[in-house]
Amino acid sequence: QVRLVEGGGELVQAGGSLRLSCVKFPLTSNTYDTAWFRQAPGKEREFLAGISWNGGSTYYADSMKGRFTVSRDNAKNTVYLQMNSLKPEDTAIYYCAAGALPSYSGSSFRDEGEYDYWGPGTQVTVSS
């Protein structure tokens with residue numbers, strides 16, 4: 001049974017940075033495409049960034065380009081989301097999701113239905 005666990009969320013001041021992690025269990029080879037989503041209070045969950053299983057393809061929501069970077073270390077079964085220049089509106093629960101995408105188009109990365117496994121989320125709070 002695949003399980004994802006996010007970490008790294010915390011309270012940070014505006015302008016600061018955080019690096020979130022998403023570890024896949026069991027610690028066997030990670031051949032899943034992985035994405036990051038977030039959900040702020042009272043809002044729908046939104047796609048942030050995705051990365052193919054081997055790191056060869058990445059895709060970002062337009063609003064995240066330049067501030068967020070997705071990467072992975074398959075030796076550690078971990079996918080990361082580096083977030084810089086954080087703003088109060090980045091406050092949300094951040095989720096990682098894993099699956100086998102049919103393609104590496106933007107529509108595939110953004111489609112929540114393509115992901116079979118989801119983590120419980122990690123809270124990021126950005127103070128002004």
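Remark: Arg45 is positioned above the aromatic ring of Trp118, its terminal NZ or CZ atom under 6.0 angstrom from the ring centre and at most 45 degrees off the axis.
Centroid-to-centroid, the aromatic rings of Phe37 and Phe47 come within less than 6.0 Å. Between Tyr117 and Tyr32, a ring centre-to-centre spacing shorter than 6.0 Å is recorded.
Not counting sequence neighbours, Arg3 has no partner by the side chain to side chain donor-acceptor pair (under 3.5 Å) test. In terms of the side chain to side chain contact (heavy atoms under 4.5 Å, CB included) criterion, residue partners of Ser57 (sequence neighbours excluded) are, by chain and number, Ser52, Tyr104.
By the criterion of side-chain heavy atoms lying less than 4.5 angstrom apart, applied directly or through intervening Ile, Leu, Val, Met, Phe, Trp or Tyr residues, Val79 is not grouped with Leu4; the two fall into different hydrophobic clusters. Note on Leu86 and Tyr60: same hydrophobic cluster, where clusters join Ile, Leu, Val, Met, Phe, Trp and Tyr whose side-chain heavy atoms are under 4.5 Å apart, directly or indirectly. The same ILVMFWY cluster, assembled from side-chain heavy atoms under 4.5 Å apart, contains both Tyr95 and Phe109.
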- With side-chain contact (heavy atoms from CB on, under 4.5 Å) as the test, would you mind laying out the steps for Leu18 and Val124 before giving the verdict? CA-CA 9 Å; Leu18 283 177; Val124 172; 3.8 Å; yes
Report task. Report the C-alpha separation of Leu20 and Met83 in whole Å, then their side-chain angles, then the decisive distance to 0.1 Å, and conclude whether the side-chain contact (heavy atoms from CB on, under 4.5 Å) test is met. Result -> CA-CA 8 Å; Leu20 304 183; Met83 307 187 295; 3.8 Å; yes
task = List the steps, then state whether side-chain contact (heavy atoms from CB on, under 4.5 Å) holds for Trp53 with Thr34.
result = CA-CA 7 Å; Trp53 70 272; Thr34 305; over 6 Å; no
### Message
Show, in sequence, the C-alpha distance, side-chain angles and deciding distance for Arg67 and Gln82, and conclude whether the side-chain contact (heavy atoms from CB on, under 4.5 Å) test is met.
### Response
CA-CA 8 Å; Arg67 289 200 304 132; Gln82 177 68 41; over 6 Å; no
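Partner of Arg38 under the side-chain hydrogen bond (donor to acceptor under 3.5 Å, both in side chains) criterion, chosen from Thr91, Asp90, Thr122: Asp90.
Rounding to the nearest 0.5 angstrom, the gap separating the OG atom in Ser21 from the CZ atom in Arg72 is 13.5 Å. Summarising the geometry, atom CG belonging to Leu101 is positioned 9.0 Å from atom CG belonging to Asp111; distances are rounded to the nearest 0.5 Å. From Leu48, atom CG reaches atom CE of Met64 across 5.0 Å, with rounding to the nearest 0.5 Å.
Contact detail for Asn84 and Ser17: the closest heavy-atom pair is OD1-OG, 3.0 Å.
Thr78 contributes a side-chain N or O that, together with a main-chain N or O of Lys76, makes up a donor-acceptor pair within less than 3.5 Å.
Between Asp73 and Tyr80 there is a side-chain heavy-atom pair separated by less than 4.5 Å. Between Arg110 and Tyr59 the shortest side-chain heavy-atom distance falls below 4.5 Å.
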Let me have the donor-acceptor pairs involving side chains of residues 5-16, under 3.5 Å, with sequence neighbours excluded, atom names and distances please.
{"unit_1": "Glu6", "atom_1": "OE1", "unit_2": "Gly121", "atom_2": "N", "d": "2.8"}
{"unit_1": "Glu6", "atom_1": "OE2", "unit_2": "Cys96", "atom_2": "N", "d": "2.9"}
{"unit_1": "Glu6", "atom_1": "OE2", "unit_2": "Gly121", "atom_2": "N", "d": "3.2"}

